[in-house]
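Worksheet for the structure shown next.
Computed from heavy atoms alone, side chains included, the values below leave out hydrogens, waters and symmetry copies. Everything quoted here is computed from the prediction, not taken from an experiment. Every chain is numbered from 1, with letters handed out A, B, ... down the list of sequences.
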Amino acid sequence: MKCSEEIVRYMHQYLDHDIEEEDEVVLRHHLKTCTACSQHFHDLEKAVALVQSTSHIEAPADFTASIMKALPQEKKSVTANR
Amino acid sequence: METIVKNRIKQVKKGDQNAFAEIVDLYKDKIYQLCYRMLGNSHEAEDIAQEAFIRAYMNIHTYDMDRKFSTWLYRIATNLSIDRIRKKKPDYYLDAEVAGTEGLTMYSQIASDTELPEDQVETMELQETIQREILKLPDKYRSVIVLKYIDELSLIEISQILDLPIGTVKTRIHRGREALRKQLKDL
C-alpha cells in the first residue's frame, strides 16, 4: 500500500513551514486514516528531533584567542587612537 | 544583534582587531558546530572554523554591509567545509591515534576519560550514532540539513548561503530528511 508522492511532499512542506493551508488539511486528514503514512511522518519527525538533539556543542575554550594570534598585526594608528 | 554586529564590523574595517574578537565570540559556537557536523571530528572542525574567521577578517572589505553578516560568514564556513570533505580521505580521523597516547583513539579517550553515569554514556553514544548518520549523507544533502537544524535557518537564508535557487534547497532538504528517516528510524 503505497500512497501518493504528493502526501510525502506535503509532509516535507509541513516540516519546512512551507505548506498551503488546503494542502495541510488534506495531509492531516490523510494521516488520520493511513497507518503507513502516519508511521512515515512519525519517523520523519523523529529523525528531525534526533538531529536537533545534537545541536549543543561549543567551540574550544581558547578558540577566540588562537584566531586573534593568527591575525596579521593591527594598524598602528588604530592602536594609538584607542 | 545585527546592529551591534554592523557597528563592530565598521570598526574592524578601520583595522580594530578587538572589535573582531567580539564578532568571533558571538559566532564561534555556531560556526564550530557547523564545521563539526559537516566534518565529524573536533580536530578538523576547529581547524576549518578558525580558517573561516581568519578568511572573514582578511576579506572583510568584500562584505556588503546591506546584507546579513551571519549569511556571509556561514557561506565562508560551509564552502571551506565542503572543500575539506572533497579533499579528505573518508574517515581519516575517526580511528586515528591521538598523539602521544599509543593505541588510544578518540573514541576510547572520550569513553574512558572519566567515569560517567550510565545515562550520560548512553546520550554520548546516541549523539555519536546520529553524527555518523549525518556524515553518511552526500555533502549536498548534509550541508542543507546541517544549516537547517543547527540554527533554524530559513529556506531563503540557506539558499543565500549556498548560492542555490530556493527550489533546489527545498528538494535537497526533503531528500536529506528522507535519507535520515531511513537511517534513524530504528534507533
Once ring pair (Phe, Tyr, Trp, His ring centres under 6.0 Å) is applied, what residue pairs with a partner in residues 151-186 of chain B remain, sequence neighbours excluded?
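Qualifying pairs, neighbours excluded: A:H12-B:H174.
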
Between [atom1] on residue [X] and [atom2] on residue [Y], distance to nearest 0.5 Å:
X	Y	atom1	atom2	value
A:M68	B:F53	CE	CZ	11.0 Å
B:L187	A:K46	CG	NZ	6.0 Å
A:T64	B:F20	OG1	CZ	9.5 Å

Heavy-atom distance under 4.5 Å to chain A: side chain of B:L180, backbone, both or neither?
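Contact with chain A: backbone and side chain both.
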
Taking it one step at a time, do B:K170 and A:D16 satisfy salt bridge (charged side-chain N to carboxylate O under 4.0 Å, His left out)?
CA-CA 8 Å; B:K170 286 181 193 177; A:D16 288 336; over 6 Å; no

If the contact rule is any heavy atom under 4.5 Å from chain B, which residues of residues 23-31 of chain A qualify, in numerical order?
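Those residues of residues 23-31 of chain A which would need a heavy atom under 4.5 Å from chain B do not exist here.
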
Please identify, among [options], the residue contributing the most non-hydrogen atom pairs under 4.5 Å to chain A.
options	answer
B:K30, B:R181, B:R37	B:R181
B:E51, B:E46, B:E178, B:K182	B:E178
B:D29, B:T129, B:D25	B:D29
B:R177, B:Q127, B:K28, B:Q183	B:R177
B:V24, B:V146, B:I173	B:V24

According to a 4.5 Å side-chain heavy-atom criterion applied to Ile, Leu, Val, Met, Phe, Trp and Tyr, with indirect links allowed, do [X] and [Y] form part of one hydrophobic cluster?
X	Y	result
B:I54	B:M38	yes
B:Y63	B:I161	yes
A:Y14	B:I145	no
A:L50	A:F41	no
B:Y149	B:L73	yes

Options A:V8, A:D18, A:T54, A:L15, ranked by heavy-atom pairs under 4.5 Å with chain B, top entry
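When all of A:V8, A:D18, A:T54, A:L15 are compared, A:T54 has the most.
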
What option among A:D43, A:V48, A:I57 has the most heavy-atom pairs under 4.5 Å with chain B?
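Maximum pair count with chain B is reached by A:I57.
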
Which pairs count as salt bridge (charged side-chain N to carboxylate O under 4.0 Å, His left out) when at least one residue sits in residues 52-69 of chain A, sequence neighbours excluded?
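Found none.
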
Say whether, by atom type as modelled, one donor and one acceptor occur between the side chain of [X] and the main chain of [Y] under 3.5 angstrom.
X	Y	value
B:K185	A:L44	no
B:Q50	A:I67	no
B:Q17	A:P72	yes

Evaluate whether atom [atom1] of [X] has more than 12 neighbouring non-hydrogen atoms of other residues, nucleotides or ligands under 6.0 angstrom away.
X	atom1	value
B:R55	CZ	no
B:I4	CD1	no
B:L126	CG	yes

State which residues pass side-chain hydrogen bond (donor to acceptor under 3.5 Å, both in side chains) with B:Y32; sequence neighbours excluded, sorted by chain then number.
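If we apply the side-chain hydrogen bond (donor to acceptor under 3.5 Å, both in side chains) test to B:Y32, skipping adjacent residues, there are no hits.
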
Interchain contact, A:H42 with chain B, by part (heavy-atom threshold 4.5 Å):
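For A:H42, no heavy atom lies under 4.5 Å from chain B.
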
